[in-house]
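For reference, the structure is listed below as structure tokens.
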Amino acid sequence: MTSFETEFLNCLNPSNKKIIGSIPITSFSQIDEIFQNATLAFNSFKDNHFSLRLNYIKEFKTMLLNSSDEIVDLIASEIGKPRTESYLAEISPCLEMCDWLIKGDNLPKAKTFKLTNPILWSKNNQIIFEPLGVIGIISPWNYPFSIPVMGILMAIALGNAVILKPSEKASLIALKISELFKATTLPDNVLNVVIGGSVTGAYFSKLPLARLVFTGSPNIGKIIMQNAASQLVPVSLELGGKDPAIVLADAPIDPTAQGIVWGGFTNSGQACASIERLYLVKGKDTQKLIDKIVELTQKLKIGDTTQFNQKNIDLGPLIDSESLLRVDSLVQDAVNKGAQLLVGGKTREDLGGYFYEPTVLINVNHQMKIMQEEIFGPVLPIMLVDNLNEAIDLANDSDFALCASIWTKNTQQAKKIASKVIAGTITINDCLFAFACPQMPWGGLKNSGFGRSHSFYNALDFVNIKTISNDAPSRFAKIWWYPYGLHSEIIAKTGILSLHLRDFNKGINSSISMIKAIKDNFSPK
Ligand code: NAD
């Protein structure tokens, strides 16, 4: 291949392994050009009034509403996501984000303030929030629309330009995102898309971006952080999860089983916040709850989500053969070490794509890989525990800490447990939904990364928090300016002690003692 030849990326439908598109990979020189153009676009876009930026968000919202069916179809083809899930977890969160931004008063606003130290009382101080620059977003394939779009909307509302490097497994969807923004009056080159896989991502993550927002696996997150460090680019890392669900003995059987089954299997378990570990505190109804989970799992329908006569498909395929192998080997490892399969446990490539049966395992323990590594597939491992403390200890015994859920009728107790479980988000009697809410900060600790997407706190990542302090010119030098000497030391000490002891006499007495000590030191002996 010569440097003039274009490389292409084949886009696959994981439900039937057929190629649904072939698109050019962005070359390194094109990436450089895109970055330069985005920088130029930012330089004029940043001065746009906030209300004008919100107009672009309003226009995007209209485009999104008009195109939602088409987007849902595309997500079904490229990712294999069931259509209901696309409406709820891809389209709706972006519409919510549009509304949250359009409301206008959720983002950081300029404010003035006075300083507490009396010697600084003449100053008028202000904090303003300025657009930051060109923001890079590297996104995963599992929520191929909502993850990048929610980040793009936030960044643009705050006056930044964006370059998106989507997953190579969701590139057609990314081009659709670009098309939607192009159909608005957003100025050219404010939103840009770079197409490619890991090689493209590695090059992209070394650009002198204003911030790099990465969502993906912990191993790639570490590479991203190293690459970004070469230019001291600040990073946000939204990484994997191994979310525990703690079920107390009083949890009502039907809604708990329904919630847990959905939390384990939605998007075929390919969610960072899927329930990947279930700790059931033993009680009189434990067996009934397990039976219900198994019964509901057996009823789930798996299949090709692009078949329009099959709108009741609950689970689509896994994304690729590598995922299928990983999930199967984790299940086999657990079974070989003594876990018992209650339902599922088999690949279903006979259905034409990368399908895996929704699977429930019991008799698992923390020595098994299935309780340590991210499964990212439709497997629900259940562990019975004797008491609550054991459940909390096990929930915290993980390299990950993204979300956790607690299931019980006892809200007070659930809140106490929430304070003891290490995670970024805790939900009581539900799971996963928080990602869809722009008001809720989203992110984790440990191998789940750092930084928060969504909410006011994420907005702070996309701005330069600038402080301006204004003083009128004075006839006198400030007391902390040069020259230093005994006088400045006495003033400094008296002032500080008087202020912080809240007692001028003590302050002055202490300074007098200091003067005496100095005098004694220099007196002839
Ligand atoms: P991934 O880490 O394989 O890829 C993520 C992105 O990084 C893709 O765009 C990919 O092309 C790019 N990439 C790959 N190698 C790279 C390199 N060397 N340099 C730069 N970029 C590179 O993840 P994935 O398989 O797309 O997504 C699944 C992972 O994402 C899971 O671990 C999941 O838990 C996590 N995830 C986390 C969240 C969250 O909010 N915390 C949300 C969704 C997914």
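Index from 1, following the sequence. Whatever order the structure lists ligands and atoms in, that order sets their numbers, starting from 1.
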Report the nearest protein non-hydrogen atom to [atom]: residue, atom name, distance rounded to 0.1 Å.
atom	value
atom 20 (C) of ligand 1	Gly201 C, 3.1 Å
atom 25 (O) of ligand 1	Trp141 NE1, 3.0 Å
atom 2 (O) of ligand 1	Ser217 OG, 2.6 Å
atom 39 (C) of ligand 1	Cys272 SG, 3.3 Å
atom 15 (N) of ligand 1	Ser198 CB, 3.2 Å
atom 32 (O) of ligand 1	Glu374 OE1, 2.7 Å
atom 16 (C) of ligand 1	Ile220 CG2, 3.4 Å

Item checked: Phe214 six-ring centre to Lys165 NZ/CZ under 6.0 Å and within 45° of normal -> no
Atoms in ligand 1 with a heavy atom of [X] nearer than 4.0 Å:
X	result
Ala202	19 (N), 20 (C)
Ile138	6 (C), 7 (O), 9 (O), 12 (C)
Pro140	24 (P), 26 (O), 27 (O), 43 (C), 44 (C)
Leu239	37 (C), 38 (C), 39 (C), 41 (N)
Phe214	2 (O), 5 (C), 6 (C), 7 (O)
Glu168	10 (C), 11 (O)
Pro166	9 (O)
Ser139	6 (C), 8 (C), 9 (O)

Pairing donors with acceptors under 3.5 angstrom, does anything connect the side chains of [X] and [Y]?
X	Y	value
Ser453	Asn458	no
Ser29	Asp32	no
Ser67	Glu70	no

Would you find more than 12 non-hydrogen atoms of other residues, nucleotides or ligands less than 6.0 Å from [X] atom [atom1]?
X	atom1	answer
Lys182	NZ	no
Tyr457	OH	no
Lys17	NZ	yes
Met63	CE	yes

Check: Is atom 36 (N) of ligand 1 less than 4.0 angstrom from some protein heavy atom?
Finding: yes
Notebook entry, point to check: Parallel, tilted or perpendicular for Phe435 and Tyr143, by the 30°/60° rule?
Noted result: tilted
Next item on the list: Would you please determine whether Phe376 falls within less than 4.0 Å of ligand 1 on a heavy-atom basis?
Entry: yes
Check: Of all the heavy atoms in Phe204, does at least one lie under 4.0 Å from an atom in ligand 1?
Finding: no
Check: Under the side chain to side chain contact (heavy atoms under 4.5 Å, CB included) criterion, do Leu101 and Phe60 qualify, and how do the steps go?
Finding: CA-CA 12 Å; Leu101 293 168; Phe60 177 80; over 6 Å; no
Distance in Å, [X] [atom1] paired with [Y] [atom2], rounded so as to fall on 0.5 Å steps:
X	Y	atom1	atom2	value
Ile177	Leu74	CD1	CG	9.5 Å
Leu342	Thr297	CG	OG1	9.0 Å
Tyr354	Leu12	OH	CG	5.5 Å

For ligand 1, which is the ligand I care about here, please tell me if [X] has any N or O atom under 3.5 Å from one of the ligand's N or O atoms.
X	result
Trp442	yes
Ser448	no
Ser205	no
Lys169	no
Lys165	yes

Check: Where's the contact between Asn219 and ligand 1, heavy-atom distance under 4.0 Å: side chain, backbone, both or neither?
Finding: neither
Notebook entry, point to check: Applying a 4.0 Å heavy-atom criterion (strictly less than), which segment of Asn142 is in contact with ligand 1: side chain, backbone, both, or neither?
Noted result: side chain
Note to self: Is the shortest side-chain heavy-atom distance between Ile71 and Glu90 below 4.5 Å?
What the structure shows: no
Next item on the list: Go through Ile260 and Leu380 one step at a time and tell me if the side chain to side chain contact (heavy atoms under 4.5 Å, CB included) criterion holds.
Entry: CA-CA 9 Å; Ile260 298 277; Leu380 198 54; 3.7 Å; yes
